[in-house]
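Below, chains carry the letters A, B, ... as their sequence lines are ordered, and counting in each starts from 1.
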Amino acid sequence: MKPYDFGSIERKWRKSWEKEKLFEVKQSAFSSPRSKNKYILDMFPYPSGDGLHVGHVEGYTASDIISRYYRMRGFNVLHPIGWDAFGLPAENYAIKNKVHPEIVVKKNISNFTRQLKDLGFSYDWSRQVNTTDPNYYKWTQWIFLQLFKEGLAYEKEMPVNWCPKDKTVLSDEESENGICDRCGTKVERKNLKQWMLKITAYADKLLDGLDGLNWPERVKTMQRNWIGKSEGARINFKIQNTKYEIPVFTTRPDTIFGATYLVVAPEHPIISKLKDKVKNSKEVGKYSEVSRNKSDQERVSEGKEKTGVGLEGIYAVNPSNGKKIPVWTADYVLPYYGTGAIMAVPAHDQRDRDFAVKFNLPIVPVISPDGKITVDEEVYEGDGILVNSGKFDGKNNRDATPLMIDFVKGKSEVQFKLRDWIFSRQRYWGEPIPLVFCEHCKSDAKLNKPSLKFSKGELLNPGWIIVPESELPLKLPKVKNYEPTGTLQSPLAEVKSWVNTICPRCGGPAKRETNTMPQWAGSCWYYLRYIDSKNKNKIIDSKKEKSFMPVDVYIGGVEHAVLHLLYARFWHKFLYDKKVVRDSEPFTRLVNQGLILGSDGEKMSKSRGNVVNPDETVKKFGADSLRMYEMFLGPIEDPKPWNEKGIIGNWRFLNRIWIYYQAQFSKQPKRQSEDISEFERLFHQTLKKVTEDIETLHFNTAISSLMILFKDMERLSSVPKKYASDFIAMLSVFAPFISEEIWRNVMGNKKSVMFSAWPKADEKKARQESITIAVQINGRTRGTISAKKGSSKEDLLKAILSDTGLKSYVEGKAIKRVVFVPDKIINVLL
RNA sequence: GCCGAGGUGGCGGAACUGGCAGACGCGCAGGACUCAAAAUCCUGUGGCCGCAAGGUCAUGCGGGUUCGACCCCCGCCCUCGGCACCA
């Protein structure tokens, strides 16, 4: 008997599958109705130098199981893979090791490819995409141009997050609590001119779209919080003895009578406008200056201890009661949210109260839970009865809110926390932004003659002219020096031959934009390109798009909850408005695989030395065992610690299967010597369970029921060939290599197990005739009796009285009551 | 502080709609095979009492609802993840 030599089995089938091209989607699928097709998508990897880690293996195995399952069910399955290869890690590695990023990426991709093939993932390799391939980023640039033409891209000088180590700006999403999410360096604040994408124009749609998605609740919550919708009102406060008004945004207009002072952000334009009227303008100017140079993080980090300066001699008028109230500036008011100014109601807002207490400002309660006026020690942020509020006294605050907004001539307004997406990076390794700057056209654009037919983007950004679509892709020039300059400019700015160009509009001299796009650009739409990866004329053929979009199952890590997944939804919604895609949401169902932790229960990291290398595990136990093990560990969405020893159990299982099939199929078929009806029942029950478990992604319990079923197969002298085959068919989605070897070589099938039909459970045979019923006496389980399905209460009571173990409990006692749930339980109360 | 998820043996985890808690696997103990070991196979394995039959306690803690609660309700504690001066 041959031992289970997984190494040579896996090698053999890997080659064979590749040659047979078994996983390529049939052309006919692209004209099939959507209901015949399934789109099973992985978050494509960033091909780092470290290679695949066990977390990739987890998600990719799950999607592979689903793909194989649906193929066997007769669906056309699109299960593609590609490379998210622009961005900082490749570039930083390239700089450190003095190799061009293009070469680094190529090398890493070939290593990743080898690893993915080793694991037997059933990707359609013919549709690979690579975000750094000009044939791909041509369309990334094309989408940018469409956004620009619609006026959704604009250039703006503003304070931004700057990573001094990576020498580039970061988006808000990439700056985690003031720390660069790539390298962990503290982010600085810089004023820079940046390309911005108007994601805020889609804030409402991005929020509303979440409701219909089958996504993990926490991801939806994270996106909702990030978008951060607040409903409130905009109210103007006049500045006494000046022509100025300060608008504020508040979510609590009902508390306006309690607004005892006004606070503006240190960046607020009113500060310079009032410079001559403020008595302490020097002090105010200094405070404003210092705050301006602090990063957001620094503004918060100082223990939330409030700081601020009063604008001496300046008073605003509270429009509700005409009282004059002082105006302050403080950095707890942020310049970019709302109007950059607030009305402070210290009685009903914790932050305002902290500030008022520190600077001795008046606190006037205007809402009382019981209608009595009490000055509490604590802030009261709840609802109640209005007091100190003029003609609104005695009213419920919620009811009065709209009336009060009218009374002070305010306007209802909605605000979002979401800010526009900072879209330029001062780095080399990214998509060039396809715009040129032309001085001549700048003046034309400012004049805005209709005859010149400027696009919205060109009018919005005078001087910036689009590179015509026919000139795309605008290729990233090959350079020797791609290190970041540190001059706040991209290394591309040094490439004079590339920068200096001709304006496509007027033919005069022009300069190219030298910043590049952020890493997220390429991953915003890659799932579309898979469907039509070789189309030279269009981003995607719309008929093909309809045959596979939206994605049925999307699997990947939760770390992309507000980055990739928000950006991709934004672009998709834009493409929906442009009628490029049919649906307003790209991913119907999202699954986040849980982190695989080190055996110490901590996150895997090089510094902890607890990283598991899948290559080594494959070498030791085989890809099938690794796949099985990772799926068996626990629910796909939970974080799970790796256990060095656990994998042996899955290897043993496969080894036993190997031995069993060798024995069953090598000699004369064994005679069936026993009754197999119990086995048949178990078989069909298992088949039903495995089928359901795959559809609900409960792979751990699917594998455990296969183990139970197999134990029963081993118990019998033999099982009919039909069952032996169906068992391997079920196993094949989890452990494809050993299954294929048994299927073709041990059992002698000609065609691949992957194209055998998924077996169908026989409900009749799965039904259990005799069942075990729990017997409780006075609510305590005292034993079980087996009975026919559907037995009556009376029959069961009779059975209890004749059961040696149970009758002693009941005998000679009066039965008060019997609780009976058919086929489940009988509870006798004495 | 706010939002979300969760807490079950030595470990990873099962438990369907409120109905035999601990499936399956690891580990551990004992046994078989072996000169021996590894591998493999078999048996046992939540705690406590008991030779045993059996009893009793047990799903973070404290209450409640129910014939019956890991599951539902109320109040705590803890862990993980996210957000965090957003007016």
A.B. asks: Name every residue in residues 332-345 of chain A that has at least one heavy atom under 4.0 Å from any atom of RNA chain B, in order of residue number, or write none if there are no such residues.
C.D. replies: Tyr332(A), Val333(A), Leu334(A), Tyr337(A), Ile342(A)
A.B. asks: Please list, by residue number, the residues of residues 688-711 of chain A whose heavy atoms come closer than 4.0 Å to an atom of RNA chain B; answer none if no residue qualifies.
C.D. replies: Asn700(A), Thr701(A), Ser704(A), Met707(A), Ile708(A), Lys711(A)
A.B. asks: Got a sec, which residues hit side chain to side chain donor-acceptor pair (under 3.5 Å) with Arg234(A), two or more places apart in sequence or on another chain?
C.D. replies: Glu413(A)
A.B. asks: Can you sort out the partners of Lys603(A) under salt bridge (Lys or Arg N to Asp or Glu O under 4.0 Å), two or more places apart, ordered by chain and number?
C.D. replies: none
A.B. asks: Under the ring pair (Phe, Tyr, Trp, His ring centres under 6.0 Å) test, which residues partner Phe237(A), sequence neighbours left out?
C.D. replies: none
A.B. asks: Identify, residue by residue, the members of residues 779-786 of chain A with a heavy atom below 4.0 Å from RNA chain B, and return them in order of residue number, or none.
C.D. replies: Gly779(A), Arg780(A), Thr781(A), Arg782(A), Thr784(A)
A.B. asks: List RNA chain B stems (3 or more consecutive Watson-Crick/G-U pairs, under 3.5 Å)?
C.D. replies: B:1-7 with B:77-83, B:10-12 with B:24-26, B:27-32 with B:40-45, B:46-49 with B:54-57, B:60-64 with B:72-76
A.B. asks: Quick one: which protein N/O atoms are closer than 3.5 Å to N/O atoms of nucleotides 71-73 of chain B? Pair and distance per line, please.
C.D. replies:
none

A.B. asks: Just distance, no hydrogens or angles: give the donor-acceptor pairs under 3.5 Å from side chains in residues 815-830 of chain A, sequence neighbours left out.
C.D. replies:
unit_1    : atom_1 : unit_2    : atom_2 : d
Asp823(A) : OD1    : Gly790(A) : N      : 2.7
Asn827(A) : OD1    : Gly779(A) : N      : 3.0
Asn827(A) : ND2    : Gln776(A) : OE1    : 3.4

A.B. asks: For residues 699-711 of chain A, which residue pairs qualify under salt bridge (Lys or Arg N to Asp or Glu O under 4.0 Å), counting only residues two or more places apart or in two chains?
C.D. replies: none
A.B. asks: For nucleotides 26-29 of chain B, tabulate all protein N/O to nucleotide N/O atom pairs closer than 3.5 Å, reporting atom names and distance.
C.D. replies:
unit_1 : atom_1 : unit_2    : atom_2 : d
C26(B) : OP1    : Arg652(A) : NH1    : 2.5

A.B. asks: Do any side-chain atoms of residues 247-258 of chain A form donor-acceptor pairs under 3.5 angstrom with protein atoms, and if so which ones, sequence neighbours left out?
C.D. replies:
unit_1    : atom_1 : unit_2    : atom_2 : d
Thr250(A) : OG1    : Arg252(A) : N      : 2.9
Arg252(A) : NE     : Asp254(A) : OD1    : 3.1
Arg252(A) : NE     : Asp254(A) : OD2    : 3.3
Arg252(A) : NH1    : Glu381(A) : O      : 3.3
Arg252(A) : NH2    : Asp254(A) : OD2    : 3.1
Asp254(A) : OD2    : Asn397(A) : ND2    : 2.9
Thr255(A) : OG1    : Arg252(A) : O      : 2.8

